Amino acid sequence: MRIIKIFDTTLRDGEQSPGATMNVEEKLQIARQLARLNVDIIEAGFPIASQGDFEAVKKIADEIRGVTVCGLARALDKDIDRVGEAVKNAGCGRIHIVLATSDIHLKYKLKMDRDAVLAMGIKAVKRARNMTDDVEFSAEDATRSDWDYLCRVTEEVIKAGATTVNIPDTVGYTVPQEYSELIDYLMNKVPNVDKAVISVHCHNDLGLGVANSISAVLKGAGQVECTINGIGERAGNASLEEIVMALKTRPKFFNADTRINTREIYKTSKMVSKITGMTVQPNKAIVGDNAFAHESGIHQDGFLKERSTYEILNPEEIGIPQSKLILGKHSGRHAFKDRLSALGYQSLTEAELNKAFERFKTLSDQKKHIFDEDIIALITDEITKASDIYSLSSLHVVSGTQHKPQAKIKLSVKGLEMEMESAGDGPVDAVYNAIKELTGTKSELKKYEIKSITGGTDALGEVVVMLEENGCVVRGSASDPDIIVASAKAYINALNKLAGICRTIKKGV
Ligand code: KIV
Ligand code: ZN
């Protein structure tokens, strides 16, 4: 069985989704979880883009062991040196160079001819090889490049020292048959192809990112680049969980597997969704809320007689909690800690545990039944908290058929208590007006979404908002049994992100 390397780019290409910008601490939290998931390579960012991205790549490279940590660079000396600096203390550090090879990019973007681009690629790879033994070269827009030119570039960058050559479908243009033929062509035409790993990186503009990636695995691709929940530029990247589970579910067909610890998938998906504020659609394969829900009577009947009639995957393999009624009002700290351990949260600091326990106690006063999903929501809230400027101290809302909705809110602003009262069309509107006045924010609310985490009227409500200010888009999220409180917290979370992340707008690739 071939082992396919999983190159996770949630922290780089995933972060290029509008509003998914993460701060250093958030990236570090996700990187730790990606290490538990056992990915082979973490692409942690694009260090030249901003000081924050440089720091994130550096901190991840300094801390995470057992996983290759990679940073992206254009084929420019200053980019390559910046990545070299960021990953210099990594156990295994990789420099990833991207340079376009399609005529359309050469003519309009680079304004260079094929020979000049080839020379630039070779020079860049050689420079990077002076800093690390692990260099990846990506032929941007490979699927719209001339196949023979792509073969020439691949051969030459391998000669220059590239250890991985990536063939990206940058604009999500290809289809499985064509892409697998292209990979096959390279495998047969590039004389030194066996000296490097051929990697694939597919975008999802036509909804074919995963299909294209696995079609390439069948032709010998040894690395797949993907993101958690399929987040990424435009329609996103191929989703890690779908690729991994496709290979795992059909071993005889693919004769290939990965090293991924699949039981960490669900938790990773929840964490990424929480931190980026990008909710997962209910019918999303593997990690969507409905991925294992059997609705039709015929299906339910068959499933109850024999699970394999209608279920090809076991939710436990993905680490999906079985909605067990686990703890209640009288459960102590010990039981709470044990349950967290069973859910895979063994490495919390004492301070994180204490805060989470406090929140659990408050929740158990408000909500009779506490499920694993509630615990995951609560703990993810705690460990992903940004260093906040604003925090909610108290909230009082009056609404109903007889009253114009009115909100009185107390915020702590850099440690200083401030209060405001406002009216609105509804209770959320009143709260948001009060927060707006209090913080003086000029941001525009682009999106407001609310959903419940489990069933029942006492379920935790999860709110996601999207704010925009001066072209910088952020998402904020929060959960609470009171949906007005969750709404206030989500707005405040987004404002904290705006203040923290958008001071320097970074360049994407
Ligand atoms: O889509 C793309 O081409 C990229 C490269 C940087 C690999 O993201
Ligand atoms: Zn990409």
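Bear in mind that the values here come from a model prediction, so they are computed numbers and not experimental data. Order of appearance sets the numbers: ligands from 1, and atoms from 1 within every ligand.
Glu233 does not count as a contact of ligand 1, since none of its heavy atoms falls under 4.0 Å from the ligand.
Any N or O atom pair closer than 3.5 Å counts here, and His203 shares at least one such pair with ligand 1. Remark: ligand 1 and His96 share no N or O pair separated by less than 3.5 Å (distance only, no angle test). For a threshold of 3.5 Å applied to N or O pairs, the pair formed by Ser138 and ligand 1 contains no separation below that value. In terms of polar-atom proximity, defined here as any N/O pair under 3.5 Å, Asp13 does make such a contact with ligand 1.
Under 4.0 Å from ligand 1, not a single heavy atom of Glu43 appears. At a heavy-atom distance under 4.0 Å, no atom of Asp169 approaches ligand 1. Contacts of Val98 with ligand 1, taken as heavy-atom pairs under 4.0 Å, involve the side chain alone.
A side-chain N or O of Gln51 and one of Glu55 form a donor-acceptor pair less than 3.5 Å apart. No side-chain donor-acceptor contact under 3.5 Å links Ser443 and Glu469.
Proximity of the aromatic rings of His203 and Tyr173 is defined here by a centroid distance below 6.0 angstrom, and this criterion is not met.
For the Zn ion (ligand 2), protein N, O or S atoms closer than 2.8 Å were enumerated as Asp13 OD2, His201 NE2, His203 NE2, with waters left out.
The pair Arg152-Asp115 meets the salt-bridge criterion, with a side-chain N (NZ, NE, NH1 or NH2) lying under 4.0 Å from an Asp/Glu carboxylate O. One finds a salt bridge joining Glu242 and Lys284 here, because a Lys/Arg side-chain nitrogen approaches an Asp/Glu carboxylate oxygen to under 4.0 Å. Under the 4.0 Å criterion applied to side-chain N and carboxylate O atoms, Arg32 and Glu63 are assigned as salt-bridge partners.
Counting heavy-atom neighbours within 6.0 Å of Glu181 CD, excluding the residue itself, gives a total above 12.
Remark: Arg114 qualifies as a cation-pi partner of Tyr149 under the 6.0 Å distance and 45° angle criteria applied to the six-membered ring.
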Got a list of side-chain donor-acceptor pairs under 3.5 Å for residues 243-250, not counting sequence neighbours?
{"residue": "Thr249", "atom": "OG1", "partner": "Met245", "partner atom": "O", "Å": "2.5"}

